[in-house]
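Structure record follows, encoded as structure tokens.
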Amino acid sequence: MKKLEKASGHLNRRDILRAALGGCTVASVGFGYTLSGGGKALAEVVADETARKAAAEHVLTMGLDATLNQFPGRVGTPHMSWIHGAPEFKAAIERLSGGRIYVEVHDGGALGGQAELLKKVQGVVQAGSCSMQNAAQLVPILNILDVPYAIGNEQNFWRLLFSKEFNDTFRKGTEDRRLVVAFAHPWVRRVMLSRSVSTEVRRPEDLAGMKIRVTAAKLEQLAFQILPTSATPIAWAETFSALKDGVMEGLHLAPGSGYDTGMATVIGQIIDTDWMYNTDSIWLSSRWLDKLDEDLRESVMEAAFEAQTYVYNTYETIQRDTFGIMPDRLRMQVSLLPEPR
């Protein structure tokens, strides 16, 4: 226990659990328990995770800037929406590598926020979560994804993600920066305004002068300046209090992400602009991948494809059943109207 003593002389619950788990993180054990459907006793899951880590040739450290199992029992996903698919990615890597790779997970931002974490993936961490919008400050080509209206509906984005053009252009651009996109999921962003905004926004000019929180993506910032608003790329940790205290009027974000972080209590209006997406992603270190045997590299990338397919197959369920964000009903019903005579 002395090895875990802090300067303050106190240990938190996570430290105590980590000591009891023999080096496996709480998140990794939580993954094992979740994927077993709760069918295994916790002690059995701990023993299983510990044994797999000890037997592995390689340990892949994956940092997540969001919390796993934050919403136990929730329909669709119990995890914060932007790390959806991470448990399946871990399981697929370990299965396809035949246990030669063990994935150790650090969730809840333990390894840093998105921008900080992605820099670590370029160096000492093997995998981590970061939206493509926040990654754009390290990989400038990703700014192109935020050209307003350029991609269109969600199915267009999925076609893009699975296309040869995306692989040859965007993936190649990230690999030049020692990063590999493992898998991603696009959530349509909306303008969400604080309850302190009394104006009922119906036209672009109604947003004039408002301070809107945006990401580090340059085209997103430019789009809001053209409106014109005051595009404000403030730290995520400060966003809630800024909205609550009236320091900022709104933010540009996928509603599901806002819901998962408790923003619903300070949001009064949600405006559908159809501009661009939150492209939440899990990234791999190309430096780490290149050191693996060829068969293990293929296993990791096959696991990434499995995770990407899983995210795609569950996307509509989460939109409909988890967050209640339905497609535009009128567009869906147009094809059902009788042909004009």
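Being a predicted model, the structure only gives us computed values, none of them experimental. In this chain, residues are counted from 1 in sequence order.
A salt bridge links K164 to D168: at least one charged side-chain nitrogen sits closer than 4.0 Å to a carboxylate oxygen. Between R297 and D290 there is no salt bridge, since no side-chain nitrogen of the basic residue lies less than 4.0 Å from a carboxylate oxygen of the acidic one. Note on K90 versus E49: salt bridge recorded, some NZ/NE/NH1/NH2 to OD/OE distance being below 4.0 Å. One finds a salt bridge joining R189 and D146 here, because a Lys/Arg side-chain nitrogen approaches an Asp/Glu carboxylate oxygen to under 4.0 Å. The pair E175-R171 fails the salt-bridge criterion, with no side-chain N (NZ, NE, NH1 or NH2) lying under 4.0 Å from an Asp/Glu carboxylate O. E200 has a carboxylate O that lies under 4.0 Å from a charged side-chain N of R202, or vice versa, which qualifies the two as a salt bridge.
In this structure, Y315 has its ring center at least 6.0 angstrom away from the ring center of H84. Ring centroid separation for the pair F166 and W158 does not come in under the 6.0 Å cut-off.
A86 and F183 make their closest contact through N-CZ, 4.0 Å (heavy atoms, listed as atom of the first residue, atom of the second, distance). Scanning all heavy atoms of the two residues, the minimum distance from G258 to L253 falls at N-CD2, 3.6 Å. Considering all non-hydrogen atoms of both residues, G246 and S196 come closest at CA-OG, 4.3 Å. Pairing each heavy atom of L179 with each of S286, the nearest pair is N-OG, 3.7 Å. Between A184 and T279 the shortest heavy-atom distance is CB-CG2, 4.1 Å. Shortest non-hydrogen contact noted between V121 and L284 is CG1-C, 3.7 Å.
Remark: side-chain polar atoms of R195 are not paired, donor with acceptor, to backbone N or O of G268 under 3.5 angstrom. Between the side chain of T77 and the backbone N or O of S81 there is no donor-acceptor pair closer than 3.5 Å. For the pair Q269 (side chain) and T199 (backbone), a donor-acceptor distance under 3.5 Å is present. With D280 contributing its side chain and S131 its backbone, the two residues share no donor-acceptor pair below 3.5 Å.
For the pair V188 and E154, the minimum side-chain heavy-atom distance is below 4.5 Å. Taking 4.5 Å as the limit, some side-chain heavy atom of I282 sits within range of a side-chain heavy atom of M62. Side-chain atoms of R177 and L138, non-hydrogen and from C-beta on, never get closer than 4.5 Å to each other. D272 has its side chain within reach of D274: a pair of non-hydrogen atoms, C-beta onward, lies under 4.5 Å apart. For the pair L193/M210, a side-chain contact is recorded, criterion being any heavy-atom separation below 4.5 Å from C-beta on. Inter-residue side-chain proximity for L118 and N134 is flagged as unmet; no heavy-atom pair is nearer than 4.5 Å. You'll find the side chain of F240 reaches within 4.5 Å of the side chain of T265, heavy atoms only. A 4.5 Å side-chain heavy-atom check between P186 and L161 finds at least one atom pair inside the cut-off.
Between H252 and W275, the two ring planes are perpendicular [angle over 60°; tilted spans 30° to 60°]. Ring orientation note: the planes of H185 and W187 are nearly perpendicular, at an angle over 60° on the 30°/60° scale.
Side-chain contact of H79 with Q70: a donor-acceptor pair under 3.5 Å is absent, judged by distance alone. Side-chain polar atoms of D65 and W82 form a donor-acceptor pair below 3.5 angstrom. Between the side chains of T215 and E220, a donor-acceptor pair is found at a separation under 3.5 Å.
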*salt bridge (charged side-chain N to carboxylate O under 4.0 Å, His left out) between R74 and D260, intermediate numbers included*: CA-CA 12 Å; R74 184 170 73 173; D260 280 357; 2.8 Å; yes

*asked:* I'd like to know whether E306 forms a salt bridge (charged side-chain N to carboxylate O under 4.0 Å, His left out) with R95, so could you lay out the CA-CA distance, the side-chain angles of the two residues, the decisive distance to 0.1 Å, and finally the verdict.
replied: CA-CA 12 Å; E306 281 194 15; R95 170 173 49 80; 2.5 Å; yes

*Hey, mind stepping through R100 and D293 against salt bridge (charged side-chain N to carboxylate O under 4.0 Å, His left out) and telling me if it holds?*
CA-CA 11 Å; R100 294 171 64 192; D293 294 341; 3.2 Å; yes

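One distance of note links CG of L207 with CZ of F224; it measures 7.5 Å at 0.5 Å rounding. From Q114, atom CD reaches atom CD of Q137 across 10.0 Å, with rounding to the nearest 0.5 Å. In this structure, CG in L251 is found 10.0 Å from OG in S194, a value given to the nearest 0.5 Å.
Note on L64 and V103: same hydrophobic cluster, where clusters join Ile, Leu, Val, Met, Phe, Trp and Tyr whose side-chain heavy atoms are under 4.5 Å apart, directly or indirectly. Each of I234 and I212 belongs to its own hydrophobic cluster when Ile, Leu, Val, Met, Phe, Trp and Tyr are linked at side-chain heavy-atom distances under 4.5 angstrom.
Partners of K211 according to the side chain to side chain contact (heavy atoms under 4.5 Å, CB included) rule, which considers only residues two or more places apart in sequence or in another chain, are S230, T232, M248, E249. Partners of I151 by side chain to side chain contact (heavy atoms under 4.5 Å, CB included), not counting sequence neighbours, listed by chain and number: L145, N156, F157, L160, Y277.
Open room surrounds OH on Y259; 12 or fewer heavy atoms of other groups in view lie less than 6.0 Å from it. By the 6.0 Å contact criterion, CD on E294 is open, its count of non-hydrogen atoms from other residues, nucleotides or ligands being 12 or less. Within a 6.0 Å radius of CZ in F305, other residues, nucleotides and ligands contribute 12 heavy atoms or fewer.
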